[in-house]
Amino acid sequence: MTVFSATDAAFEGFRVTWEKPRTLLIWTGFFLVVNLLMPLALFGLGLNSRLAELEAASANPSSDPSAALESFMALAPLYAVLLPVGLVVQAVIAAAVFRLVLDPEDSRRHPVQFGREEAHLIALSLIYTLLFILAVVAVVLVGGVAAGLFGLAGAGPLFGGLFGFALSGLLVYVAVRMSLGPVITFSEDRLAIFDSWRLTQGLFWPMFGTYALAIIAVLIFYLLSMVLVAALGALLSGGDVAAVGKVMTPDMSSLSAYFSPGQVLMILFSAFMSAVYNAVMSAPAAVIYRGIRAGRSAA
């Protein structure tokens, strides 16, 4: 029996951002600071030319792969800075959304903070990443052996297609069943690595539908917002549509060239969309967990 409303859960992120505009503004400011770290770190480390080379190589299928790999390796210091920052950012915003959904009356908490709950979420992300890598390695090894056997029987291409389809389905199934791990970890103040699997028994399809609806809704919101931003950009550029398109490929020659008016507009838009996206994608799990917890308490 479903203990939550799929539509309510899917649109909870939109609801909390609509009802808490101050919180949304703070989250947007937080992501604005985070978004500024990328260009500042890029130019500060003198890697802007390397990124431009990598982007050019990605756009040109006939480019030298070794040159692209060299540019990618040169960007390692940048990734070494941004990956830990990304983990912290995700933990901070996820915890903020969980807090808002599970305990909306707690006005003592700041919308952006870092403490024990956020540290637990970072640890859980690292554990899940490690488990995912180990699982993929195991599946690939088994699949490789099976592919060899089917290849000998002349059914290699058919097996490859079926295996890829089955693997994709399995990954989606496990991801949905394990998706309550972060909110359980937050709510119970402990690392809840496998608890989600037990709690979500029999709830895969309602949860899958909820997440699918949330993704579709945020994509529609993004596209509509993008249309408005493009219209505003065209207005600021005097109707120059080509200038609006150039915003998508910023000038990496210097820091001052990078922060053109159009790029600043895109950075602000990206910060706003990041705040909305994270709220929309984090809130459903909190609503689902709240419904399961309420159902168990009533029982």
Side-chain angles (χ1 to χ4, degrees), residues 5-43 48 51-52 55 58-59 82 85-86 89-90 92-94 96-98 100-101 104 111-112 209-287:
S5 166
T7 52
D8 288 350
F11 291 103
E12 179 71 6
F14 288 110
R15 185 190 67 80
V16 297
T17 52
W18 176 262
E19 295 182 355
K20 302 285 185 179
R22 176 179 171 272
T23 298
L24 177 60
L25 183 61
I26 293 174
W27 288 347
T28 301
F30 176 65
F31 276 107
L32 177 60
V33 173
V34 173
N35 289 349
L36 290 175
L37 287 178
M38 170 67 172
L40 292 178
L42 191 67
F43 286 98
N48 50 304
L51 182 60
E55 291 177 345
S58 301
L82 295 180
V85 170
V89 169
Q90 290 298 321
V92 167
I93 294 300
V97 175
F98 295 158
L100 199 59
V101 174
V112 175
T210 298
Y211 294 139
L213 184 57
I215 291 172
I216 292 171
V218 81
L219 281 176
I220 293 174
F221 180 78
Y222 172 78
L223 292 174
L224 292 176
S225 300
M226 197 64 190
V227 169
L228 293 176
V229 169
L232 180 59
L235 184 64
L236 293 175
S237 62
D240 188 354
V241 179
V244 176
K246 290 179 180 177
V247 173
M248 303 301 176
T249 54
D251 188 348
M252 304 298 296
S253 60
S254 67
L255 193 60
S256 58
Y258 179 86
F259 284 109
S260 63
Q263 187 60 26
V264 170
L265 177 64
M266 285 303 300
I267 291 174
L268 291 171
F269 172 70
S270 176
F272 169 74
M273 278 307 305
S274 295
V276 174
Y277 171 83
N278 279 272
V280 172
M281 297 310 298
S282 297
V287 175

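Since the model is a prediction, treat every value here as computed from it, not as a measurement.
- A donor-acceptor contact shorter than 3.5 Å is absent between the side chain of Trp27 and the backbone of Ile93.
- Between the CE atom of Met273 and the CG atom of Leu268 there is a distance of 14.0 Å, given to the nearest 0.5 Å.
- From Thr210, atom OG1 reaches atom CZ of Phe11 across 10.5 Å, with rounding to the nearest 0.5 Å.
- Minimum heavy-atom separation, Val97 to Ala279: CG2-CA, 3.8 Å.
- Looking at heavy atoms from C-beta onward, Phe259 lies in side-chain contact with Ile267 at the 4.5 angstrom threshold.
- Annotation: Tyr277, atom OH; neighbour count of heavy atoms from other residues, nucleotides and ligands within 6.0 Å does not exceed 12.
- We find the CZ-OG distance between Phe31 and Ser270 to be 9.0 Å, quoted to the nearest 0.5 Å.
- With Thr17 contributing its side chain and Phe14 its backbone, the two residues share a donor-acceptor pair below 3.5 Å.
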Apply side chain to side chain contact (heavy atoms under 4.5 Å, CB included) to residues Tyr222 and Val218 and explain how you reach the verdict. CA-CA 6 Å; Tyr222 172 78; Val218 81; 5.8 Å; no

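- The two residues Pro284 and Ala10 have their closest heavy-atom pair at CG-CA, 4.3 Å.
- Here the closest non-hydrogen pair linking Gly13 and Ala283 is N-CB, 3.5 Å.
- The distance from atom CG of Leu32 to atom CG of Leu37, rounded to the nearest 0.5 Å, is 10.0 Å.
- Of all heavy-atom pairs between Ser274 and Asn278, the closest is O-ND2, 2.7 Å.
- When Thr28, Val34, Val33 are each tested for a side-chain contact (heavy atoms from CB on, under 4.5 Å) with Phe30, only one passes: Val34.
- Checked against side-chain contact (heavy atoms from CB on, under 4.5 Å), Ile215 has the following partners two or more places apart in sequence or in another chain: Leu219, Met281.
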